[in-house]
Amino acid sequence: MKQTKWKQLPLTLLSFALSIGMAACSGAPSEKDAASQPAAASGASGASAAAGAAEPKADLQIDKNNKNPMTVTLAGGSVGGFWSGMGQVISKSFSTSYPGSAATYEPGSGAGNIKLIDEGQVELGIVQAIEVTAAKNGIAPFNKKYENLMALATIYDNAVLQVTVRKDFADKYGLTGLADISAKKAPARIAINQKGNMNSLGANTLLEVNGITEATLKQWGGSLTWTGSAQRFEAMQNNRMDISIDFVFAPDSKVEETAVNTELVQWSLDQKSKDALKKVWELNDIVVPKGTYKWQKEDVNTVTLSAVILVSKKASVQDQYKMAKALVDNIAILRELHPAMKEISAQKLADTGSVPLAPGAKALFEDVGALKK
């Protein structure tokens with residue numbers, strides 16, 4: 001395989017320390033989340049969304065009994081982050097179903113992984129829905145439109161956009177949502193993910209649709225800061241930040257840690273906000289049930305971000321089928337990866353939204369009944 005600029009690391013040598021958290025990977029949800037009520041999707045497109053996937057031809061010549069080992073390179077996020085742990089689980093599923101298979105994990109980023117996939121430098125790459133949408137439309141950092149992406153599976157679909165607010169700030173200005181900030185010109189100190197992390201684009205869209213920009217916040221005596229989760233929540237604990245906005249699993253450990261000594265609330269998104277995020281970034285509605293956090297007294301209506309495993313033209317249709325089959329056959333170890341993934345199913349794996357399934361993967365999901373033939 002063609003070497004890339006990132007050092008390749010055998011998956012078997014990667015630490016499976018998920019307590020390091022998901023913040024270390026490419027915009028993935030943050031640190032370990034305590035097992036609790038999972039967020040319940042209310043507007044997900046469902047497995048039928050993959051109906052627009054690339055139609056496998058009748059002459060695909062897939063040997064469904066093929067047990068030959070596979071050699072695969074998977075581009076993910078940073079070493080030690082959630083995506084590297086995910087990579088190890090994916091590798092284990094391949095070697096369990098097809099003994100002798102070898103997978104190499106290549107540290108990277110969601111946006112960078114799309115380029116690697118497009119150029120056929122790796123077989124698989126983990127990316128987020130926002131990154132796929134930006135790539136398809138040629139939005140920075142992409143300088144062209146990537147129109148031929150195809151997916152092996154969706155690996156999770158419930159990283160939810162959480163607007164976490166200091167309760168004392170909300171009470172002082174009588175705020176119950178983002179629209180109130182612009183209506184009352186409240187001096188909010190807001191933090192979103194760091195620039196270069198594409199999750200911040202979704203958060204910025206949310207602010208803009210509610211009439212909030214860096215310039216307006218400054219006029220009102222507030223501020224807008226782009227920074228990582230550790231810095232955001234440390235600032236909230238020290239009363240130097242009022243609101244944090246990011247895509248994370250629910251419950252999120254940073255939020256829970258902050259809530260120990262700081263009263264927090266989480267705001268729902270209004271329909272205008274959800275419609276904008278769906279239109280611009282193709283994000284679906286989701287409900288985080290009350291009680292997900294001990295102090296959360298009401299359901300929170302928001303949107304959800306998914307992560308997809310892209311597959312390149314480098315992978316044969318035969319291997320596409322086998323890789324998808326390995327994920328389905330070993331779905332139990334995927335569920336054990338993180339409490340927020342305990343609801344993963346063959347149908348969820350098959351629902352890759354606007355990214356068409358690779359022909360071999362589509363054939364497998366049809367065979368197991370996750371898609372209609």
Side-chain angles (χ1 to χ4, degrees), residues 18-25 27-40 81-82 156 158-178 180-181 186-194 197 199-200 202-203 206-207 212 222-270 273 286-305 338-342:
L18 291 183
S19 60
I20 295 175
M22 300 176 70
C25 67
S30 64
E31 290 81 353
K32 63 177 182 177
D33 301 308
S36 181
Q37 275 183 295
F82 179 77
Y156 60 78
N158 56 344
V160 298
L161 184 54
Q162 298 184 45
V163 182
T164 305
V165 185
R166 286 182 60 101
K167 187 175 184 298
D168 57 358
F169 171 75
D171 290 347
K172 180 177 180 179
Y173 293 97
L175 310 174
T176 60
L178 289 169
D180 289 342
I181 293 176
R189 298 167 297 178
I190 301 175
I192 60 179
N193 216 319
Q194 56 196 337
N197 183 313
N199 284 355
S200 64
L206 174 62
L207 293 175
I212 301 169
S223 62
L224 179 61
T225 303
W226 286 264
T227 189
S229 61
Q231 292 78 17
R232 272 183 274 130
F233 285 102
E234 180 183 0
M236 289 187 76
Q237 291 177 46
N238 295 327
N239 195 22
R240 292 184 287 104
M241 199 68 65
D242 303 310
I243 300 173
S244 171
I245 305 175
D246 202 4
F247 292 89
V248 290
F249 286 150
D252 172 65
S253 62
K254 285 292 184 187
V255 175
E256 291 189 310
E257 291 165 9
T258 302
V260 172
N261 297 309
T262 305
E263 280 194 275
L264 301 174
V265 293
Q266 287 207 337
W267 287 345
S268 287
L269 307 188
D270 59 21
S273 297
I286 198 168
V287 176
V288 181
K290 63 181 180 181
T292 298
Y293 295 101
K294 293 179 181 179
W295 41 267
Q296 181 191 341
K297 298 178 181 179
E298 299 178 350
D299 289 350
V300 172
N301 295 288
T302 183
V303 294
T304 183
L305 179 68
H338 193 283
M341 293 182 65
K342 63 184 178 181

CA sep, side-chain torsions, deciding dist, call: I243, W267, side-chain contact (heavy atoms from CB on, under 4.5 Å): CA-CA 10 Å; I243 300 173; W267 287 345; 4.1 Å; yes

Exercise: identify the closest heavy-atom pair between V300 and S268: CA-OG, 3.3 Å

Over all atoms of both residues, closest heavy-atom pair of E298 and K290: C-CB, 3.4 Å

Would you call [X] and [Y] a side-chain contact if the rule is heavy atoms closer than 4.5 Å?
X: I192; Y: D246; value: no
X: N193; Y: T227; value: no
X: Y156; Y: L305; value: no
X: V303; Y: V160; value: no
X: D252; Y: Y293; value: yes
X: F233; Y: V255; value: yes

Just how far is it from atom [atom1] of [X] to atom [atom2] of [Y], taken to the nearest 0.5 Å?
X: R189; Y: N239; atom1: CZ; atom2: CG; result: 5.0 Å
X: D299; Y: T292; atom1: CG; atom2: OG1; result: 8.0 Å
X: I245; Y: L206; atom1: CD1; atom2: CG; result: 5.5 Å
X: L224; Y: S200; atom1: CG; atom2: OG; result: 9.5 Å
X: F169; Y: I181; atom1: CZ; atom2: CD1; result: 5.5 Å
X: F82; Y: F249; atom1: CZ; atom2: CZ; result: 5.0 Å

Evaluation steps, side-chain contact (heavy atoms from CB on, under 4.5 Å), between W295 and E263: CA-CA 8 Å; W295 41 267; E263 280 194 275; over 6 Å; no

[X] side chain vs [Y] backbone, donor-acceptor pair below 3.5 Å:
X: R166; Y: M236; result: yes
X: Q162; Y: Q266; result: no
X: Q296; Y: V288; result: yes
X: S273; Y: L269; result: no
X: Y173; Y: D180; result: no

Test side-chain contact (heavy atoms from CB on, under 4.5 Å) applied to N238 - qualifying residues, sequence neighbours left out: E234, R240

Residue pair D242, V165: steps toward the side-chain contact (heavy atoms from CB on, under 4.5 Å) verdict: CA-CA 6 Å; D242 303 310; V165 185; 5.6 Å; no

Verdict with supporting geometry, L161 and T304, side-chain contact (heavy atoms from CB on, under 4.5 Å): CA-CA 6 Å; L161 184 54; T304 183; over 6 Å; no

